[in-house]
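We name chains A, B, ... by the order of the sequence lines, and we start the count at 1 in each one.
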Amino acid sequence: MTHWLQRTALAGLITLTPLAALAEETPAKGANIVVTYKDDIATLDPAIGYDWQNWSMIKSLFSRLMEYTPGTADLVPSLAESFEITSDGLAYTFKLRKGVKFSNGREVVASDVKYSIERAVNPKTQGPGAGFFGAIVGFDDLSGGKAEGLSGIETPDDHTVVFKLGRPDATFLHVLAINFASIVPKEVVEAEGQDFGKKPVGSGAFVLKDWVIGQKLVFEKNPNFYVADTPKIDGFTVEVGQEPLVALLRLQQGEVDIAGDGIPPSKFLEIKNGPDAADIIVDGEQLQTGYVAINTRVKPLDDVKVRQALNMAVNKERITRIVNGRATPANQPLPPLMPGYDKDFKGYAYDIDKAKALLAEAGYPDGFETALYASSTDPNPRIAQALQQDFAAIGVKAEIKALANANVIAAGGTEGEAPMIWSGGMAWIADFPDPSNFYGPILGCAGAVQGGWNWAWYCNKDLDARAIEADSMSDPARKDERAKLWGSVFTDLMADAPWIPVFNERRVVAKSKRMGGPGNIYIDPTRVINYDAVYVKQ
Amino acid sequence: MRIVHEFLRRPTAVFGLAVVLLVLIGALAAPLVAPYAPDEQLFDGLTLEGAPIGPNGAFLLGTDTLGRDLLTRLLFGARTSLIIGVVANGTAVAIGLGVGMLAGYLRGPAGNALMRFTDLMMAFPALLLAIVLAALFHPSLWIVAMVIAMVNWVQVARIVYTETRGLVERDFILAERSLGAGHGRIVFRHILPHLMPTAIVWGTLGIATTVLLEATLSFLGVGVQPPEPSWGNIIFESQSFFTSAPWLVVFPGIAILLTALSFNLVGDALRDILDPTQRGRM
Amino acid sequence: MIELILRRLGGALMILFGVAAITFVLLYALPADPAVQLAGRSATAQTVANIRHELGLDQPLIVQFVHYLGNLVQGDLGRSYTQKTEVMTLILARLPATLILMVSGILVEVAIGLTLGTIAALSRGGAVDRLVMTASFVGVSAPQFVVALLLLYVFAATLQWFPMSGFGTVSHVVLPALTLGVLGAGWYARMVRSAMIDVLNQDYIRTARAKGVAERTVVLRHAVPNALLPIVAMIGIDIGQFMGGVVVVEAVYGWPGIGQLAWQAIQQVDIPIIMGVTLISSLAIVVGNLIADLVAPLIDPRIRAR
Amino acid sequence: MTDASGDFGRTDAPVLSVDGLTVDALTERGAKRVLDAVSFDLGAGETLCLAGESGSGKSVTSLSVMRLLPRASLRIVSGSIRLGDRDLTGLSERTMREVRGRDVAMIFQEPMTSLNPVMTVGKQLLEPILIHQGGDEASARAQALRMLEAVQITEPVRRLGQYPHELSGGMRQRVMIAMALSCRPKVLIADEPTTALDVTVQAQILKLMRELKGEFGTSIILITHDMGVVAEMADRVAVMKDGRLVEIGSAVDVFERPAQSYTRELIAAVPRIGARAGTDGPPVVTAAAKAAPAAEKSLEPVLAVQNLTVAYGARAGLFGRKAGQTAVDGVSFELRAGRTLGLVGESGSGKSTTGKAVLGLIPYQGYVAIGGEELMDFSVKAMRPVRRLAQMIFQDPYASLDSRMTVGAAIAEPMAIHGIGDRVDRADRVAELLRRVGLTPDVASRYPHEFSGGQRQRICIARALSLKPKLIVADESVAALDVSVRAKVLDLMLELQETEGLAYLFISHDMAVIERMSHDVAVMNGGRIVEYGSRRAVFENSEQDYTRRLIAAVPIPDPTRRRLAMAG
């Protein structure tokens with residue numbers, strides 16, 4: 001048996017070398033910062049939390065076997081000291097770091113890893129992330145209620161965990177880095193039951209000190225965190241119920257350090273053109289694509305020519321203007337930062353005449369009536385109206401249905417219900433930086449089911465086969481080959497035009513002037529805000 | 001004639017009526033007088049950075065965040081407000097009149113059951129109920145109107161109930177009964193005409209409440225849906241702009257205020273003139 | 001008296017049951033399946049089905065309702081779908097803020113309304129009366145969200161007299177309470193005016209004047225206590241109006257009360273929270289009316305006798 | 001008018017002197033005179049009665065003296081009101097306040113509403129004492145107590161802590177008097193002080209006022225429409241009509257030698273108790289009936305009532321069934337065609353309830369038969385044939401007409417309900433009925449508010465007659481009318497009885513009216529009939545103390561026969 005062995009004693013990475021350009025900045029000691037959000041923080045239970053507010057907080061409360069280098073999409077071992085993968089890609093063996101303790105003082109051992117993953121999969125947990133672990137042997141039994149645990153996870157000793165997979169999964173290391181794979185202490189979870197999400201206990205960089213419901217959450221540094229010099233602040237307070245606009249005004253007055261909801265459209269230009277812009281604004285790309293899903297099973301959208309015509313009808317430049325230029329027009333599902341993105345792909349150019357011609361060819365010279373669903377939170381209704389006007393230019397009358405997210409999601413997951421959906425507000429931000437995460441649930445056949453997220457109800461068996469092939473290339477050496485294969489899946493599917501990729505939204509965060517560090521720790525591609533890495537300038 | 005005369009003697013009522021007529025004409029003539037199409041996203045309606053443009057020669061009241069002419073949208077929004085005001089409130093008054101009159105006339109277990117039901121509806125926080133209802137059914141103009149009617153009839157029912165109870169106790173109803181008049185005759189020939197002033201007054205005053213409620217629902221995003229313009233959803237779409245583009249909040253806000261105020265003034269004057277219990281007072 | 005209270009309590013319970021039943025039927029007629037949203041975008045159909053099962057959403061409606069009522073009797077409002085926390089905990093945590101807001105709002109409107117209404121009644125038919133009455137209509141006709149935004153813009157953003165948002169100090173409550181109170185003050189002014197006019201026309205006021213009682217004493221000692229009765233009844237009803245206004249005001253001012261909670265829950269279709277907030281609001285209304293019923297005899301000895 | 005004021009010789013200077021008092025009402029169409037140059041003097045210790053029908057200006061006069069006219073609508077334009085050497089019309093509000101309650105005090109018609117319902121009796125009594133005499137609360141309290149004793153209230157100490165609603169009407173009026181006299185005013189103005197009270201209570205209050213007048217040396221201006229009260233109380237009488245004082249003089253002079261025809265009519269119209277003594281039945285008014293006295297037409301009663309019981313407020317409560325109050329308790333009587341049964345009693349005696357019950361307008365227990373048919377159930381349909389036989393006339397004619405219906409439609413309404421005749425027939429019948437009750441047919445298109453009270457009651461009678469009923473229940477049908485109008489309506493009713501052979505169940509609290517109208521009388525008290533017999537027997541040889549007291553309490557419009565004075 002030949003083992004492909006990867007020893008990763010990447011001490012350098014774990015101690016987080018500051019980027020050279022900012023080397024002269026020294027983090028101030030003992031700093032506490034204030035972060036604001038409009039909505040309540042839902043839960044801090046890592047098996048359940050799945051929105052962009054609590055995502056980064058959970059990241060910082062818990063540790064996982066794998067982690068990303070701050071500000072990048074580079075995977076590194078974290079709670080694991082090292083790991084081995086068999087050449088067939090079906091078994092992963094992790095050696096745990098010794099002496100890591102939960103905030104209640106108990107050491108983290110291998111059985112905690114097994115328990116945590118099983119808990120994420122167990123239907124009783126009602127966790128949304130169960131599906132990520134589908135490759136592990138025994139998954140179907142556990143999620144179907146036929147077993148209590150995952151037979152594919154073994155713990156030969158307290159510091160060794162072995163995962164057995166039923167099929168090769170090139171994304172498995174990413175899966176172990178997402179929140180759902182966070183390690184939780186069994187005894188605390190069982191004691192707290194469903195309240196664990198309000199009283200979380202983990203082994204991450206921070207500890208939750210206090211939670212005043214509807215007002216604030218207080219996080220404090222974990223003094224025993226196993227990564228040296230991390231975190232760089234003594235704590236942070238998350239204030240909720242803050243209107244973005246108000247938060248921003250307070251930020252300008254120095255009362256707030258990070259406005260979590262970003263900069264509201266109305267304030268954006270004022271701040272961008274203001275004198276403090278460079279100090280306050282962090283603007284960067286994220287793994288996001290805003291698209292219109294065109295339901296391939298609803299007449300007349302089932303005609304590929306119609307879908308192509310709609311693609312050509314959208315004036316993406318104008319829509320990016322409506323969001324004040326905080327996005328880049330897109331032509332394919334994958335965002336530019338994602339491995340596999342095809343720079344040379346041109347997609348459908350804005351061409352009304354050609355769109356009309358295609359419509360006529362399809363038998364709709366005078367257009368038709370249809371509906372466009374969208375989230376009811378700003379700016380999505382406005383974008384939907386811009387799209388509506390674009391469609392109207394080629395004779396397609398789309399009625400706008402701006403609904404609460406839940407209702408849009410429900411409509412999208414019901415066959416034949418929503419002809420078109422603008423994804424904004426529920427947009428696809430990658431769980432982890434791998435193209436496969438952009439395919440299965442939202443474009444693959446598996447997602448085109450009742451309650452699924454493939455709102456285009458697009459199912460192409462050939463592409464599905466190629467996707468499986470690509471995901472089986474778990475050998476890191478074939479990384480580039482795999483990316484290329486994935487890229488072709490996405491560009492090829494554009495021939496069927498199940499989506500109108502509209503733009504890749506950039507994330508714009510406002511931070512107070514005293515906050516230091518590179519921009520990408522405020523718009524971390526895997527964390528949103530990387531609380532472990534941010535610091536206050538001295 | 002007396003009504004017209006007394007009405008015209010009140011400056012506030014005349015002012016109210018004038019504004020109501022103005023809004024009505026604006027709404028009816030919107031396609032003729034509006035400078036642009038209501039949902040036309042004008043290319044020069046946004047700055048190059050995508051910001052709305054303040055009031056100027058081309059756009060008298062400025063543009064909104066999609067580059068549409070605000071004046072045009074306000075004019076078309078008046079249609080929404082008036083349609084909802086009249087339809088929703090009309091329905092509410094009709095339901096309230098029916099339930100209140102029936103409960104007040106029947107009394108006994110049936111009347112009690114009806115009033116317990118209105119009590120129940122009273123115990124719902126009205127706006128919250130409207131929000132829930134509007135969020136449940138995909139909101140559209142008519143759904144919003146019906147939601148508002150569902151919420152607003154209760155008040156009318158209570159007032160009509162009290163009044164009917166009073167009427168039933170009055171001697172002339174007793175006289176009718178002693179003459180052998182049937183229920184239908186008493187209710188429709190004798191009670192209903194006496195409730196008409198109340199119905200007219202609420203038909204007017206209620207429009208003010210309805211316009212406000214519609215605006216509030218739209219402001220919360222569960223009312224009339226874009227691109228259909230409504231004064232509430234114009235503010236909803238641009239509320240975060242109120243520091244950088246205050247005209248987007250101020251002008252629709254004034255429109256709502258003036259319209260609601262005017263219906264209130266007209267309704268109040270009508271109440272003074274029509275309500276016999278108030279008549280003796282001054 | 002005790003019988004009256006018991007009867008009122010019984011009625012209140014019936015009303016709450018009705019509210020629970022109606023809300024339940026409404027909410028479960030919802031087109032949105034909360035399980036789908038909870039399961040998130042990467043979920044498999046199996047995960048969705050599991051979540052549905054765990055939430056009990058796959059049971060018949062009536063079973064769910066009976067179950068819900070059973071829990072309700074024990075003070076259990078269920079758990080939030082999204083926050084996984086007991087709804088009771090969430091509401092209790094936010095209730096004080098809403099109560100503070102409501103009490104200050106009621107104080108504002110009663111204070112303004114009582115003063116203006118009395119002044120208008122005393123100068124009845126005169127210029128002051130007409131001015132006050134027109135002003136009260138402006139107050140009544142002003143959309144709360146516009147008033148809120150304008151107050152925020154003028155007094156917080158521009159003049160910076162008050163904080164823009166938040167909770168904790170007295171200065172935080174000023175603008176939200178004003179916003180809530182302005183609308184009510186208009187109604188109160190009108191109510192107080194007509195009640196005062198009614199009372200001032202009563203024989204006993206003439207009696208007092210015939211005794212040589214000074215006008216100030218006539219108004220304050222003889223008229224106001226009698227005019228207060230309809231006002232007390234109105235405060236009870238008012239709580240219902242307030243529960244609605246609270247949603248708007250809390251949204252604009254970032255006030256951490258149950259209005260905000262309800263609004264978030266509605267957007268996330270978090271049914272247990274919506275149910276809980278609706279029930280609590282109805283409870284507040286019912287209790288408000290109950291208090292009004294119980295306070296009335298303190299003011300009016302005639303009711304005490306009954 | 002000037003000669004009317006000063007010709008009555010008096011020895012001492014008047015306490016109050018009103019001269020040329022003129023008051024305008026401010027209406028939308030300009031000023032309207034409501035009081036026109038009224039002049040009179042009030043001597044020390046004198047009782048001056050201001051008499052007159054509604055709208056004559058009595059109350060405006062008294063409010064002018066108090067300077068309590070509603071400022072926005074009524075204004076004194078000229079004249080003076082001299083109290084001693086001060087002209088009240090020229091005083092500032094502040095000075096006037098000192099006069100009110102101390103020099104001039106006032107009591108009002110409605111003792112129910114004239115006391116502040118949310119203040120204790122004691123507090124209200126203390127108020128004028130503290131305002132005008134100062135001193136501490138204890139001494140004021142002592143004085144208040146003395147005043148309550150003076151007005152002969154039982155348990156005066158307890159009363160101080162009670163609220164007005166806990167007292168009876170008579171007690172409240174005593175409290176009012178105590179309050180008014182507490183500062184020993186020179187003048188007491190009593191505006192219809194006994195109108196709202198039962199006749200026996202009225203007698204007590206009038207007696208009290210007479211006694212206190214002497215004790216406190218107060219002059220009284222008594223305002224009343226009741227000539228009986230005038231005769232009982234007045235030293236001098238001033239008769240008012242349409243805002244003018246038409247006659248003033250000593251009580252005996254005015255009653256025995258009225259100078260004005262109006263005064264004569266007024267006195268003549270007052271039914272006097274005992275006027276029908278020695279006769280059976282009411283006077284005959286039509287020529288035909290005079291010629292041929294009515295024979296007993298039938299022995300079959302039009303209305304037979306046995307053991308009628310009505311309970312109010314009974315309902316199933318949370319804590320078991322609650323017994324209601326019994327308003328009518330086991331009442332039995334019968335009434336034959338062409339005859340009148342007078343149902344008399346004080347307020348709360350159950351007489352009105354009885355009237356409504358016999359027409360099936362409220363639920364009852366017991367036996368009621370109209371035209372020999374027992375009323376079995378109360379459904380509209382089952383009752384309809386009975387409705388044709390029996391009709392009702394109410395106390396307030398305005399309230400019993402639908403204000404939104406023309407009087408023609410109102411009179412035609414019963415025919416429409418019972419499907420009698422077509423449009424033209426009904427119009428003819430309406431015209432005939434209007435003529436029958438003394439109105440012209442052209443008024444059919446007008447609305448009730450365009451008529452006077454008497455005319456409205458005629459319209460109600462016309463409506464009741466439209467179905468040619470056998471029985472009419474008249475519930476206080478003339479109580480709301482002025483005396484002169486009242487007499488005419490009563491005459492109309494008598495006339496109709498003679499020509500149509502109607503049977504009346506005539507319900508009234510007014511013994512004199514009952515005496516005039518009835519063949520038989522049933523006296524009710526506490527829901528029971530305490531005495532039942534022919535009018536003559538009941539009025540002349542009553543077996544019951546209660547009835548005798550009722551009769552004795554009725555003031556007689558003849559100053560020479562002041563029984564109250566004798567009683568006092």
Side-chain angles (χ1 to χ4, degrees), chain A residues 38-43 45 48 50-51 123-132 134 140 143-145 194-198 212-215 239-243 245-247 249-250 376-377 403-411 413 426 428 431 437 440-442 446-447 449-453, chain C residues 30-55 79-86 89-94 97 152 156-157 160 163-168 250-258 260-261 263-270:
Chain A
K38 180 171 184 296
D39 287 340
D40 266 344
I41 302 308
T43 172
D45 187 331
I48 295 165
Y50 200 14
D51 55 55
K124 291 207 169 52
T125 312
Q126 303 169 34
F132 286 111
D140 291 341
S143 71
Q194 299 214 64
D195 291 331
F196 183 69
K198 282 275 183 288
V212 185
I213 290 170
Q215 293 184 41
E239 295 185 3
V240 297
Q242 299 273 314
E243 275 294 321
L245 187 65
V246 174
L249 291 166
R250 292 182 61 201
S376 61
T377 49
L403 310 170
N405 287 359
N407 291 320
V408 180
I409 292 165
M426 306 153 291
W428 195 253
D431 299 300
N437 191 230
I442 49 175
V449 292
Q450 182 68 33
W453 284 64
Chain C
L30 254 164
D33 183 349
V36 175
Q37 195 194 19
L38 286 181
R41 56 211 178 216
S42 300
T44 59
Q46 179 69 46
T47 310
V48 175
N50 286 340
I51 290 178
R52 282 184 65 84
H53 178 73
E54 289 299 326
L55 293 177
R79 263 175 200 277
S80 152
Y81 288 165
T82 54
Q83 305 205 31
K84 298 289 165 187
T85 310
E86 293 207 10
T89 315
L90 291 173
I91 289 178
L92 287 181
R94 285 167 164 276
L152 199 63
Q160 304 202 345
M164 297 215 49
S165 99
F167 171 71
E250 289 186 357
V252 177
Y253 290 103
W255 191 261
I258 62 173
Q260 215 182 47
L261 181 69
W263 181 231
Q264 284 176 21
I266 286 168
Q267 290 182 315
Q268 292 162 344
V269 198
D270 197 332

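- Closest non-hydrogen pair, Gly214(A) versus Pro256(C), comes out as O-CB, 3.2 Å.
- With a 4.5 Å cut-off on non-hydrogen atoms, Ile41(A) touches chain C through its backbone but not through its side chain.
- Of the atoms belonging to Lys124(A), heavy atoms from both backbone and side chain fall under 4.5 Å from chain C.
- With a threshold of 4.5 angstrom between heavy atoms, Ser80(C) does not approach chain A through any atom at all.
- Ranking Ser143(A), Gly197(A), Gly134(A), Gly144(A) against chain C, the residue ahead of the rest is Ser143(A), based on heavy-atom pairs under 4.5 Å.
- To the nearest 0.5 Å, atoms CD (Gln242(A)) and OH (Tyr253(C)) are separated by 14.5 Å.
- Taking 4.5 Å as the limit, some side-chain heavy atom of Arg94(C) sits within range of a side-chain heavy atom of Asp40(A).
- Considering only heavy-atom pairs separated by less than 4.5 Å from chain C, the leading option among Val408(A), Ile48(A), Asp140(A), Leu245(A) is Ile48(A).
- With sequence neighbours excluded, no residue satisfies salt bridge (Lys or Arg N to Asp or Glu O under 4.0 Å) with Glu250(C).
- Heavy-atom pairs under 4.5 Å with chain C peak, among Val449(A), Asp51(A), Thr125(A), Asp195(A), at Asp195(A).
- The minimum heavy-atom distance linking Lys38(A) with Gln264(C) is given by the pair O-NE2, 3.7 Å.
- Looking at Leu261(C), the atoms closer than 4.5 Å to chain A (heavy atoms on both sides) all sit in the side chain, from C-beta outward.
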